[in-house]
Amino acid sequence: MQKLTVAELIQVFLNDGELVWIGVRPAHGEPMIAVSRVMVNQLSGLIGDRYNGSSGKRHVTLIQYEHLAVLESLMGKEVSPEFLRRNLVIKGINLLALKNAKFRIGGVVFQTTGFCHPCSKMEVTLGAGGYNAMRGHGGLTAQVLQEGLLLLGDRLTVLS
């Protein structure tokens, strides 16, 4: 086998990911609502989410499904996706490896824009130590490049 460069290695993924949870929050302070599908707008993100209509590079937040088990272990209790205030939960792919990448979920194309660090609300939501438990497990932020419909079960495929 030919030796790959680091630039080549970061383009190799064993599997596609899978969208296993979608959540929107209609207003500030409101709980997340789990949905099975959501329209995504190129200018503003998820339709029905409180951030819809805002500009910037944080249209959507994603968290890795496998990190829920890590957080449960660290916190000593069940951690549901809606507690973490992220829009999309992805299973089967290392989200941190998507730094600076373009990727497709279903028919929607995204560009990773950064890490989604925890906020102080994790101390209230998860309990004492919640903020530190989330550090390194907060997921990513992304901007929408091509709008469309997201459905539970959609595959996440890395484009570049």
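Both backbone and side-chain heavy atoms feed into the values below; hydrogens, waters and symmetry mates do not.
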Calculate, to the nearest 0.5 Å, the distance between atoms [atom1] and [atom2] belonging to [X] and [Y] respectively.
X: M75; Y: F83; atom1: CE; atom2: CZ; answer: 11.0 Å
X: E72; Y: H67; atom1: CD; atom2: NE2; answer: 13.0 Å
X: Q143; Y: T113; atom1: CD; atom2: OG1; answer: 6.5 Å
X: E78; Y: L71; atom1: CD; atom2: CG; answer: 12.5 Å
X: I90; Y: Q64; atom1: CD1; atom2: CD; answer: 9.5 Å

With sequence neighbours left out, what residues match [X] under side-chain contact (heavy atoms from CB on, under 4.5 Å)?
X: K99; answer: F115
X: P31; answer: none
X: V20; answer: E18, Y65, V89, K91

With the side chain counted from C-beta on, respond yes when [X] and [Y] share a heavy-atom pair under 4.5 Å apart, and no when they do not.
X: I33; Y: P26; result: yes
X: L68; Y: P81; result: yes
X: L96; Y: L140; result: yes
X: D16; Y: V158; result: no
X: V60; Y: T141; result: no
X: I93; Y: N15; result: no
X: L149; Y: V108; result: no
X: L152; Y: S36; result: yes

Would a hydrophobic clustering, with Ile, Leu, Val, Met, Phe, Trp and Tyr connected at side-chain separations under 4.5 Å, put [X] with [Y]?
X: V109; Y: V40; answer: no
X: L151; Y: I47; answer: yes
X: V24; Y: I63; answer: no

Might you work through the side-chain contact (heavy atoms from CB on, under 4.5 Å) test for R86 and W21, ending with a clear yes or no? CA-CA 10 Å; R86 304 300 189 259; W21 190 86; 5.9 Å; no
With sequence neighbours excluded, residues passing side-chain hydrogen bond (donor to acceptor under 3.5 Å, both in side chains) with N87: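 Checked N87 against side-chain hydrogen bond (donor to acceptor under 3.5 Å, both in side chains); matches are D49, T61.
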Between M122 and L84, is a side-chain contact (heavy atoms from CB on, under 4.5 Å) present by the stated rule, with each step listed? CA-CA 7 Å; M122 292 301 102; L84 305 178; 4.2 Å; yes
Only one of D154, L156, L95, L150 forms a side chain to side chain contact (heavy atoms under 4.5 Å, CB included) with L88, so which one is it?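 That would be L150; it is the only one of D154, L156, L95, L150 passing the side chain to side chain contact (heavy atoms under 4.5 Å, CB included) with L88.
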Give the C-alpha distance, both sets of side-chain angles, the deciding distance and a yes or no for side-chain contact (heavy atoms from CB on, under 4.5 Å) between R104 and R155. CA-CA 8 Å; R104 176 183 305 278; R155 305 303 299 169; over 6 Å; no
Determine whether a donor-acceptor pair (N or O, by modelled atom type, separation under 3.5 Å) exists between the side chain of [X] and the backbone of [Y].
X: H28; Y: R50; result: no
X: E147; Y: M39; result: no
X: R85; Y: R25; result: no
X: T112; Y: N100; result: no

Which word best sums up how the rings of F110 and F103 line up, parallel for under 30°, tilted for 30 to 60°, or perpendicular for over 60°?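 Judged by the thresholds at 30° and 60°, the geometry between F110 and F103 is parallel.
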Give the minimum heavy-atom separation between L46 and G23, together with the two atoms involved.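 Smallest interatomic distance, heavy atoms only, reads CD1-O, 4.0 Å.
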Provide the closest heavy-atom pair for L145 versus Q42 in the form atom of the first, atom of the second, distance.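 Shortest heavy-atom separation between L145 and Q42 comes out as O-NE2, 2.7 Å.
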Can you name the residues that form a salt bridge (Lys or Arg N to Asp or Glu O under 4.0 Å) with R37, not counting sequence neighbours?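 Salt bridge (Lys or Arg N to Asp or Glu O under 4.0 Å) list for R37, sorted by chain: empty.
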Side chains of residues 125-136: which donor-acceptor pairs under 3.5 Å do they make with residues two or more places apart or in other chains?
from, atom 1, to, atom 2, distance (Å)
T125, OG1, K121, O, 3.0
N132, OD1, R135, NH1, 3.1

